[in-house]
*Asks:* 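My questions will all concern the structure given below.
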Protein chains: 2
Amino acid sequence: MFDINVLPTDCAQKRAANACSGCGAREHSVCGALDDRQLDRLDTLADQMTLQPGDVLVRQGDPANHLFNITSGSVRVYRLLPDGRRQITGFLFAGDFLGLATGDTYAFSAEAIETSTACRFRRNEYRDEVRNNPALEAALLDRVTHDLAAAQAQMLLLGRKTAQERIASFLLDLPAHDPCRPGPADHVRLPMTRAEIADYLGLTIETVSRVLTRFKTSGVIRLLSLNELRIEDPARLRAIAEGEI
Amino acid sequence: MFDINVLPTDCAQKRAANACSGCGAREHSVCGALDDRQLDRLDTLADQMTLQPGDVLVRQGDPANHLFNITSGSVRVYRLLPDGRRQITGFLFAGDFLGLATGDTYAFSAEAIETSTACRFRRNEYRDEVRNNPALEAALLDRVTHDLAAAQAQMLLLGRKTAQERIASFLLDLPAHDPCRPGPADHVRLPMTRAEIADYLGLTIETVSRVLTRFKTSGVIRLLSLNELRIEDPARLRAIAEGEI
DNA sequence: CGCAGCCTTGACCATTATCAACGCTGGTGG
DNA sequence: CCACCAGCGTTGATAATGGTCAAGGCTGCG
């Protein structure tokens, strides 16, 4: 929490992003949204901060004093085992919400993947605000419900899908979450490393690399660069993701 | 939804259970609770229903018309892949909450494991009630946040733990969720079959059976019956669960 | 008593992890 | 401007965890 550059600003970017904040689903429209007056009120509570790659938003075990709204870039959320094994539980993008905890401490860590910005709220102030603002609370409930549904889908992936199915699912889901997608839907931006993809999918970097190579060789995808690819055969990829091949 | 015996009653059992409803964490005390007046108000909206083993509360893909509060027994919540692979995303016990969905249809199925009871609410009525009752909404948000934290812990388990670690974690966590535990904390009731444990932990029944046998042989647990066991060496089991052995 | 369903155990196999070497790329400093 | 290096990614060989297939045992119920 100390290596972050905090700039108090009007938090303007959040506004555009807020409509689908915390949304783990494909259908952004169903997310709870707030009107401009409510967002103005929220702005007075927030600090805008700029994050460099690797900067820490939240550390597992630290007191849960803040909540965040990601306004640009991307963030990894993860849990660790004592021996260092890491499970990334989610990637967050502009509009996503972070930091709800049930106890006094965070049960997860969160770090910026690329240069990113976020709005930071003090937990107490935010909680009071939520209490006095039913619309905000409803939006929050909607987001958390979305996240829970996404988490259940990820459990299915981790518990029952093969490596090939996991990576196909990942490539299909990622663009829906990332509002930064530069062009058409078949274009996938991968701001994260292979190690992060592996830790998200419960695989090793070698397996991720091998499966991507196989997809490339079989013409399902085309690698534009290390961090960008195009889905050449979406139907086939969807079939693979659902275990129909 | 058709094979369920619905009995409109005052839904009294829910009251005792409600204090920790939906709670996926060890610390039941942090869960949002409602006072008696609020519960009375809720009772007027609910049908009490009795479920036999295998009875369906919710079917994946069906319109999301209801919400449930489990009042006794146990329920499995799961997702399926087209070829029948199943991932159980959670076991619910008395006091747990079920049925929040973001879209118009359920993204999961839920069935009774043993003879159980539940309170059923019409989604629209419940939503209106929530809108007019901030305390209820806050309690709901708290529960869903708990569930989300539990889901993240389960992702770590499914993505990064070995079979042995998964089963140790499962045996340690289960009693905290099950208010029916008959006696001391080292006593574990297993209302579910080996197949359900396997589908919850991302393993096969054979692996579950083998690991339980190994734990038994090494003296960490003692099998009292097929569906009941005692943890003989909790410290050792905790060490196994965290990968320290 | 016999059967069905669930569980356990064993033999074998496959997917994925591990270990190792090499290649690419981008940044830095001579 | 080029060479080197570090970090990341790819590829290959081998190993191990857990899955699959198969047989047999236990238990409860009709």
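Quick note on labels: first sequence line is chain A, next is B, and so on, each numbered from 1. Excluded from the calculations below are hydrogen atoms, water molecules and symmetry mates; all remaining heavy atoms, backbone and side chain alike, are included. This structure is a prediction, so every number in the text was calculated from the model and none was measured.
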*Asks:* Taking salt bridge (Lys or Arg N to Asp or Glu O under 4.0 Å) as the test, write out the residues that go with B:Arg194, two or more places apart.
*Replies:* none
*Asks:* Sequence neighbours left out, what passes side-chain contact (heavy atoms from CB on, under 4.5 Å) with B:Asn65? Give chain and number order.
*Replies:*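 Partners of B:Asn65 by the side-chain contact (heavy atoms from CB on, under 4.5 Å) criterion, ordered by chain and then number, come out as B:Pro63.
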*Asks:* For D:dG19, does either OP1 or OP2 sit under 4.0 Å from a side-chain N or O belonging to B:Thr204?
*Replies:* yes
*Asks:* Give the rounded distance in Å between these two atoms: CG of A:Leu212 and P of D:dC8.
*Replies:*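 So the two atoms are 17 Å apart, to the nearest Å.
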*Asks:* For every nucleotide of nucleotides 24-30 of chain D, 5' to 3': is a protein heavy atom under 4.0 Å from its base (B), only from its sugar-phosphate (S), or from neither (-)?
*Replies:* -------
*Asks:* Please enumerate all residues that pass side-chain contact (heavy atoms from CB on, under 4.5 Å) together with A:Ala168, with sequence neighbours excluded.
*Replies:* A:Phe215, A:Leu237, A:Ile240, A:Ala241
*Asks:* Who are the salt bridge (Lys or Arg N to Asp or Glu O under 4.0 Å) partners of B:Arg79, not counting sequence neighbours?
*Replies:* none
*Asks:* According to side-chain hydrogen bond (donor to acceptor under 3.5 Å, both in side chains), does anything in residues 229-238 of chain B pair up with another residue at least two apart or in another chain? List the pairs.
*Replies:*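 Found B:Arg222-B:Glu232, B:Arg230-B:Glu232.
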*Asks:* Run B:Arg160 and A:Asp199 through salt bridge (charged side-chain N to carboxylate O under 4.0 Å, His left out) and show every step you take.
*Replies:* CA-CA 8 Å; B:Arg160 287 297 177 222; A:Asp199 282 352; 2.8 Å; yes
*Asks:* Restricting both atoms to N or O, compile the protein contacts to nucleotides 11-15 of chain D shorter than 3.5 Å, with distance only.
*Replies:*
from   : atom 1 : to       : atom 2 : distance (Å)
D:dT11 : OP2    : A:Thr213 : OG1    : 2.6
D:dG12 : N7     : A:Arg210 : NH1    : 2.8
D:dG12 : O6     : A:Arg210 : NH2    : 3.3

*Asks:* Which residues pass the side-chain contact (heavy atoms from CB on, under 4.5 Å) test with A:Arg214, not counting sequence neighbours?
*Replies:* A:Gln164, A:Val211
*Asks:* When the distance from CZ of B:Arg214 to C1' of D:dT17 is rounded to whole Å, what number comes out?
*Replies:* 10 Å
*Asks:* In this structure, how many angstroms lie between the C1' atom of D:dT10 and the CG atom of A:Leu190, rounded?
*Replies:* 16 Å
*Asks:* Only counting residues at least two apart or in another chain, list the ones meeting ring-ring contact (aromatic ring centres under 6.0 Å, His included) with A:Tyr78.
*Replies:*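 With neighbours one apart ignored, the set is empty.
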*Asks:* Chain A on DNA chain C: first and last contacting nucleotide, 5' to 3', under 4.0 Å to a heavy atom?
*Replies:*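 It runs C:dT16 to C:dC19.
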*Asks:* Just to verify, what does B:Glu196 make a side-chain contact (heavy atoms from CB on, under 4.5 Å) with, not counting sequence neighbours?
*Replies:* B:Arg76, B:Arg86, B:Ile88, B:Phe91, B:Ile113, B:Met192, B:Thr193
*Asks:* Under the rule for side-chain hydrogen bond (donor to acceptor under 3.5 Å, both in side chains), what residues qualify as partners of A:Thr207, not counting sequence neighbours?
*Replies:*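 Partners of A:Thr207 under the side-chain hydrogen bond (donor to acceptor under 3.5 Å, both in side chains) test: A:Thr204.
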